[in-house]
**Student:** 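Can you keep this structure in mind? I'll have questions shortly.
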Amino acid sequence: MLKTPLAALAAVLLLLGGPVHAEAPARIDLLTENFPPYNMAQGGKNYARDEHISGIGADTVREMFKRAGIDYTLTLRFPWDRIYNTTLQQPGYGLFVTARLPAREDQFKWVGPVGPDHWVLLARGDSPISVTSLEEASQYRIGAYTGGAIAEHLQNKGLVPALALNDRNNVAKLVNGDLDLWATSDPVGFYLARQEGASGFKTVLRFGGADLYLALNKETPDEIVQRLQTALDEMRAEGRLEAIRNRYL
């Protein structure tokens, strides 16, 4: 007779032929935001599903999941904090594209890199500002995007950027003189500026960057993660990632 619940559990596992493993999800629900040229909703809307989402990141994950034979959905919504926390807390969810930072490393399982994200301070073409470090830049009015990796980096360095809910809003603020500098990324900043009809922005400082990844909830089975990574590596070797990027840049 089994005298403890632990012994009973061990016997059940033995009868079943070994330890119980997490089952692979029937599909993965992928979340993203408007982050041109990586992820975009038609018409710049803050909500879109599946075929109504385009961009370097969206096209890449579509082909990646198709090659890996894994079912998925795509949803673009707002704000960033909402989709980040959903992926963090709920199994069966993924988030793209997002910077793989040390502070985030243990929060997700990662597939990538999908593409680069070079961090820059942009100024208007007629601006006399010249800086060689973020410390020098701290005397100026700097705009950034709330919840993004760039804003986090600036805040960790002791800067206090003015935060916008949508990075696109910083284009008009810089043009109108409400900001002296815009902390964004290349190519994203220049792409957004072109979309808003602005031109002549110049790079005042490059201050870092991070590779962009697909982040998966930590309960995603390793076998799923590996299949996706293998598919992405194949795409890179075949030149598919470069071809997708060239559609938008």
Side-chain angles (χ1 to χ4, degrees), residues 32-46 53-60 76 78-80 97-99 101 113-212 241-249:
T32 191
E33 61 166 348
N34 274 312
F35 182 53
Y38 284 102
N39 324 306
M40 299 173 282
Q42 292 179 0
K45 297 178 181 179
N46 285 324
I53 304 169
S54 61
I56 296 170
D59 289 357
T60 298
L76 183 150
F78 176 85
W80 168 258
V97 288
T98 187
L101 302 176
V114 175
D117 191 37
H118 302 296
W119 298 349
V120 294
L121 291 179
L122 300 183
R124 293 190 338 188
D126 59 358
S127 172
I129 294 175
S130 176
V131 297
T132 59
S133 67
L134 287 178
E135 183 179 6
E136 289 183 17
S138 65
Q139 64 185 296
Y140 298 104
R141 297 170 300 167
I142 302 174
Y145 167 47
T146 186
I150 293 176
E152 290 180 19
H153 181 79
L154 295 179
Q155 291 165 337
N156 289 337
K157 293 292 185 180
L159 281 72
V160 186
L163 299 178
L165 291 177
N166 189 314
D167 208 18
R168 187 183 297 268
N169 297 339
N170 286 314
V171 176
K173 290 182 178 180
L174 190 61
V175 170
N176 296 335
D178 297 323
L179 296 173
D180 300 313
L181 298 169
W182 175 20
T184 184
S185 62
D186 182 2
V188 174
F190 291 105
Y191 182 89
L192 288 176
R194 287 196 299 270
Q195 293 296 304
E196 295 297 304
S199 61
F201 290 175
K202 62 182 181 181
T203 301
V204 172
L205 179 70
R206 289 185 178 271
F207 60 93
D211 286 327
L212 299 174
L241 296 189
E242 183 178 3
I244 291 172
R245 182 181 177 85
N246 289 340
R247 292 176 191 165
Y248 296 93
L249 299 177

**Student:** Which pair of non-hydrogen atoms, one from Ala210 and one from Leu101, has the smallest distance, and what is that distance?
**Tutor:**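 Residues Ala210 and Leu101, closest heavy atoms: CB-CD2, 4.0 Å.
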**Student:** Tell me, with the steps shown, if Glu196 and Val175 meet side chain to side chain contact (heavy atoms under 4.5 Å, CB included).
**Tutor:** CA-CA 10 Å; Glu196 295 297 304; Val175 170; over 6 Å; no
**Student:** Taking atom CD as the centre, does Gln195 end up with more than 12 heavy-atom neighbours from other residues, nucleotides or ligands that are less than 6.0 angstrom away?
**Tutor:**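 Atom CD in Gln195 is packed in, count exceeds 12.
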**Student:** To the nearest 0.5 Å, tell me how far Ile56 CD1 sits from Met40 CE.
**Tutor:**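 Between atom CD1 of Ile56 and atom CE of Met40 there are 7.5 Å.
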**Student:** Check whether any side-chain heavy atom of Tyr145 lies under 4.5 Å from a side-chain heavy atom of Trp80, and answer yes or no.
**Tutor:**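 When only atoms from C-beta onward are counted, Trp80 and Tyr145 do touch, with a gap below 4.5 Å.
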**Student:** Show the nearest heavy-atom pair for residues Ala137 and Leu121, with the distance to one decimal.
**Tutor:**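 Closest approach of Ala137 to Leu121: CB-CD1, 3.6 Å.
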**Student:** For Ala183 and Leu154, which heavy atoms make the closest approach, and how far apart are they?
**Tutor:**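 The answer is CB-CD1, 3.6 Å.
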**Student:** How about Tyr140 and Val131: do any of their side-chain heavy atoms sit closer than 4.5 Å?
**Tutor:**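 Yes, side chains in contact.
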**Student:** Hey, what do you get for CG (Leu181) to NZ (Lys173), rounding to the nearest 0.5 Å?
**Tutor:**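 Going from the CG atom of Leu181 to the NZ atom of Lys173 covers 14.0 Å.
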**Student:** Throw together a table of side-chain donor-acceptor distances under 3.5 angstrom for residues 158-167, partners on residues two or more places apart or in other chains.
**Tutor:**
from	atom 1	to	atom 2	distance (Å)
Asn166	OD1	Arg168	N	2.9
Asp167	OD1	Asn170	ND2	3.0
Asp167	OD1	Trp182	NE1	2.9
Asp167	OD2	Thr184	OG1	3.1

**Student:** Could you state the interatomic distance from CD1 (Ile53) to CG (Asn39), rounded to the nearest 0.5 Å?
**Tutor:**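 CG of Asn39 is found 8.0 Å from CD1 of Ile53.
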**Student:** Closest approach of Asp211 and Pro113, non-hydrogen atoms and distance?
**Tutor:**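 Shortest heavy-atom contact: CB-CB, 3.7 Å.
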**Student:** Hey, is NZ on Lys202 packed in by over 12 heavy atoms from elsewhere, all under 6.0 Å?
**Tutor:**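 Correct, the count exceeds 12.
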**Student:** Mind checking the OG-CG spacing from Ser127 to Leu179? Nearest 0.5 Å is all I need.
**Tutor:**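 Answer for the OG-CG pair, Ser127 versus Leu179, is 11.5 Å.
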**Student:** For the residue pair Gln139 and Glu136, what are the closest heavy atoms and their distance?
**Tutor:**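 Scanning both residues, the minimum pair turns out to be NE2-O, 3.0 Å.
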**Student:** When you measure from the side chain of Asp180 to the backbone of Ala123, do you find a donor-acceptor pair of N or O atoms at a distance under 3.5 Å?
**Tutor:**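 No, Asp180 side chain to Ala123 backbone: no donor-acceptor pair under 3.5 Å.
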**Student:** Where do Asn34 and Phe78 land on the side chain to side chain contact (heavy atoms under 4.5 Å, CB included) test, with the steps shown first?
**Tutor:** CA-CA 8 Å; Asn34 274 312; Phe78 176 85; over 6 Å; no
**Student:** His153 versus Leu134: any side-chain heavy-atom pair under 4.5 Å?
**Tutor:**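 Counting from C-beta outward, His153 and Leu134 do come under 4.5 Å.
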**Student:** Only pairs under 3.5 Å count here: list side-chain donor-acceptor contacts from residues 241-249, not counting sequence neighbours, and write none if there are none.
**Tutor:**
from	atom 1	to	atom 2	distance (Å)
Asn246	ND2	Glu242	O	3.3
Arg247	NH1	Asp59	OD2	2.9
Tyr248	OH	Gly55	N	3.0
Tyr248	OH	Asp59	OD2	2.7

**Student:** When you look at Thr203 and Leu122, which way does the side chain to side chain contact (heavy atoms under 4.5 Å, CB included) test go after all the steps?
**Tutor:** CA-CA 5 Å; Thr203 301; Leu122 300 183; 3.6 Å; yes
**Student:** Apply the test side chain to side chain contact (heavy atoms under 4.5 Å, CB included) to residues Tyr38 and Thr60: give CA-CA distance (whole Å), side-chain angles for both, the deciding distance (0.1 Å), then the verdict.
**Tutor:** CA-CA 9 Å; Tyr38 284 102; Thr60 298; over 6 Å; no
**Student:** Give the table of side-chain donor-acceptor pairs shorter than 3.5 Å for residues 185-193, with sequence neighbours excluded, one pair per line with atom names and distance.
**Tutor:**
from	atom 1	to	atom 2	distance (Å)
Ser185	OG	Asp117	OD1	2.7
Asp186	OD2	Arg206	NH2	3.1

